[in-house]
Amino acid sequence: MRLRNIPRAEGTVQAHKTVIKRPEDQRGCWRQVFGNKNPLYIEIGMGKGQFILNMAAKYPDINFVGIERYTSVLLRAVEKFDTEEFRELKNVRFVCMDARNVEDVFAPVEVDRIYLNFSDPWPKARHARRRLTSTEFLARYERILVESGHVEFKTDNTELFNFSLEQVKEAGWALESFTYDLHHNEEMNRDNIMTEYEEKFSKKGNPINKLIAVRK
Ligand code: SAM
């Protein structure tokens with residue numbers, strides 16, 4: 001994700017009604033944020049928000065929280081929310097934070113599902129722990145997910161994907177399904193919502209990998 005310094009980003013993001021200002025205060029209370037008892041799905045590293053906004057529009061009975069580290073990127077998501085297509089949505093919120101601290105924001109068994117889409121690859125071996133599908137991150141997810149909760153991960157980066165398959169096994173999670181060519185896998189591609197990166201890379205001809213892992 002190319003980052004530009006956008007001076008208005010911080011102010012606009014902080015003032016927006018969908019952005020949770022002190023997310024730690026909502027730990028254990030996300031149902032109150034949404035005012036219902038619907039399941040809670042989160043996307044980590046959501047970028048400009050195309051996936052989560054379309055998911056929220058398609059599944060009004062699910063609550064969605066999108067997590068993004070940079071305000072300059074989150075700004076694009078809140079601007080997209082403000083368009084006619086999404087501005088009436090009641091079931092989506094955004095949080096600006098580093099996902100390393102996800103346990104400060106969500107309590108045990110508070111999250112039903114986690115989406116990771118086109119996560120940063122961190123190609124150097126010494127940075128492997130920063131990958132959002134590393135065993136370190138899976139341990140964090142394990143502590144916030146419900147018992148049968150799962151992680152869905154898509155990427156065009158096959159090295160990162162193979163690493164992730166191994167990490168899932170090493171963490172003791174169950175691999176529910178996986179494919180190296182999502183768009184030609186009828187079952188796994190059913191109801192697929194494309195992310196910005198997915199559109200960009202599949203247009204270039206890159207096959208998309210997807211795995212679904214279930215918490216141990
Ligand atoms: N998910 C989007 C998509 O598929 O189009 C964006 C993919 S982009 C390559 C990865 C995004 O994840 C970036 O916006 C980056 O800032 C965010 N990100 C990476 N590591 C993160 C972390 N530890 N916590 C929160 N966001 C993170």
Side-chain angles (χ1 to χ4, degrees), residues 1 23-24 27-28 30 39-47 51-52 55 62 64-70 95 97-185 187-195 197-198 201-202 206-216:
M1 176 79 54
E24 302 81 7
R27 189 175 189 271
W30 281 95
L40 179 63
Y41 292 5
I42 68 175
E43 184 188 6
I44 297 181
M46 63 157 192
F51 174 82
I52 200 162
M55 287 291 284
I62 307 246
F64 290 89
V65 174
I67 295 174
E68 171 52 50
R69 186 168 36 180
Y70 296 111
V95 171
M97 65 176 278
D98 189 322
R100 267 185 310 177
N101 306 318
V102 75
E103 290 167 81
D104 296 341
V105 169
F106 300 99
V109 302
E110 194 165 28
V111 175
D112 292 273
R113 188 177 295 181
I114 299 176
Y115 292 102
L116 307 170
N117 292 315
F118 296 79
S119 309
D120 295 338
W122 293 105
K124 290 183 182 151
R126 69 172 189 275
H127 292 149
R129 296 174 60 177
R130 298 184 192 176
R131 297 174 194 152
L132 294 181
T133 50
S134 63
T135 51
E136 282 79 3
F137 272 94
L138 289 172
R140 293 178 179 121
Y141 306 153
E142 197 178 311
R143 292 191 284 263
I144 61 169
L145 276 173
V146 297
E147 201 175 319
S148 57
H150 64 240
V151 168
E152 297 200 6
F153 172 53
K154 293 193 278 190
T155 180
D156 69 318
N157 184 321
T158 303
E159 256 178 62
L160 176 64
F161 189 67
N162 285 334
F163 166 86
S164 307
L165 288 172
E166 282 167 19
Q167 296 287 285
V168 164
K169 210 188 293 174
E170 199 176 315
W173 290 41
L175 196 57
E176 187 179 289
S177 50
F178 71 98
T179 175
Y180 286 97
D181 193 357
L182 175 64
H183 295 173
H184 293 101
N185 181 316
E187 197 179 327
M188 286 189 80
N189 200 40
R190 197 172 298 129
D191 298 321
N192 184 47
I193 294 217
M194 297 243 254
T195 79
Y197 272 61
E198 186 171 354
F201 291 121
S202 55
N206 298 8
I208 305 302
N209 309 297
K210 178 172 180 175
L211 68 80
I212 301 177
V214 182
R215 204 202 93 159
K216 69 174 165 188

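Salt bridge status for Glu147 with Arg215: absent, with no side-chain N to carboxylate O gap under 4.0 Å. Here Arg129 pairs with Glu136 in a salt bridge; the nearest charged N to carboxylate O distance falls below 4.0 Å.
Using modelled atom types, one side-chain atom of Asp112 and one backbone atom of Leu40 make a donor-acceptor pair closer than 3.5 Å. Between the side chain of Glu176 and the backbone N or O of Ala213, no donor-acceptor pair lies under 3.5 Å. At least one donor-acceptor pair under 3.5 Å links the side chain of Glu110 to the backbone N or O of Gly28. For Asp120 (side chain) and Trp122 (main-chain N/O), no donor-acceptor pair under 3.5 Å exists by modelled atom type. Checking side-chain atoms of Asn157 against main-chain N and O of Leu160 turns up a donor-acceptor pair under 3.5 Å. Judged by distance alone, the side chain of Thr195 and the main-chain N or O of Glu198 form a donor-acceptor pair under 3.5 Å.
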With side chain to side chain contact (heavy atoms under 4.5 Å, CB included) as the test, would you mind laying out the steps for His183 and Met194 before giving the verdict? CA-CA 10 Å; His183 295 173; Met194 297 243 254; 3.6 Å; yes
Check step by step if side chain to side chain contact (heavy atoms under 4.5 Å, CB included) holds for Tyr141 and Ile44. CA-CA 11 Å; Tyr141 306 153; Ile44 297 181; 3.6 Å; yes
Side chain to side chain contact (heavy atoms under 4.5 Å, CB included) between Val65 and Trp30, intermediate numbers included: CA-CA 9 Å; Val65 174; Trp30 281 95; 3.7 Å; yes
Any chance you could lay out the side chain to side chain contact (heavy atoms under 4.5 Å, CB included) test for Asn209 and Leu182, step after step, and finish with the verdict? CA-CA 6 Å; Asn209 309 297; Leu182 175 64; over 6 Å; no
Tyr115 vs Arg113, test: side chain to side chain donor-acceptor pair (under 3.5 Å). Steps then yes/no. CA-CA 7 Å; Tyr115 292 102; Arg113 188 177 295 181; 3.0 Å; yes
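In terms of heavy-atom proximity, Asp181 sits nearest to Pro207 at OD1-CB, 4.1 Å. The minimum heavy-atom distance linking Leu132 with Ala99 is given by the pair CD2-CB, 4.3 Å. Contact record, Ser148 with Val214: O-CG1, 3.9 Å, taken as the closest heavy-atom pair. Contact detail for Val95 and Pro23: the closest heavy-atom pair is CG1-CG, 3.7 Å. The two residues Asp156 and Phe118 come nearest to each other via the heavy atoms N-CE2, 3.3 Å.
Inter-residue side-chain proximity for Ile144 and Val102 is flagged as met; some heavy-atom pair is nearer than 4.5 Å. Residues Leu175 and Lys169 fail the side-chain proximity criterion, which asks for heavy atoms closer than 4.5 Å. You'll find the side chain of Ile212 reaches within 4.5 Å of the side chain of Met188, heavy atoms only. Taking the side chain as every heavy atom from C-beta outward, Ser134 and Gln167 approach each other to under 4.5 Å. Considering only heavy atoms from C-beta on, Val146 stays 4.5 Å or farther from Val111 through its side chain.
Atom CD1 in Ile208 sits 8.5 Å away from atom CZ in Phe201 (nearest 0.5 Å). Here the CD1-CD distance, from Ile52 to Glu68, works out to 11.0 Å after rounding to the nearest 0.5 Å. Rounding to the nearest 0.5 Å gives a distance of 9.0 Å between CZ of Phe178 and CG of Leu211. Distance CD/Glu152 to CD1/Ile114: 11.0 Å, rounded to 0.5 Å. Distance check, rounded to the nearest 0.5 Å: CG of Asn101 to CZ of Arg69 gives 11.0 Å.
For the residue pair Asn117/Glu43, the side-chain donor-acceptor check at 3.5 Å is satisfied. Using a 3.5 Å distance cut-off with no hydrogens or angles, the side chains of Asn192 and Lys210 do not pair a donor with an acceptor. Asn162 and Tyr180 share a donor-acceptor pair across their side chains, judged by distance under 3.5 Å alone.
Using a 30° and 60° split on the angle between ring planes, Phe64 and Tyr41 fall in the perpendicular class, above 60°.
The neighbour count for His184 NE2, taken as heavy atoms of other residues, nucleotides or ligands under 6.0 Å away, does not exceed 12. The neighbour count for Arg100 CZ, taken as heavy atoms of other residues, nucleotides or ligands under 6.0 Å away, does not exceed 12.
Relative to the six-membered ring of Phe163, Arg131 meets both conditions, a distance below 6.0 Å and an angle of at most 45° to the axis.
None of Phe51, Phe161, Tyr197 except one satisfies the side chain to side chain contact (heavy atoms under 4.5 Å, CB included) rule with Lys154; the exception is Phe51.
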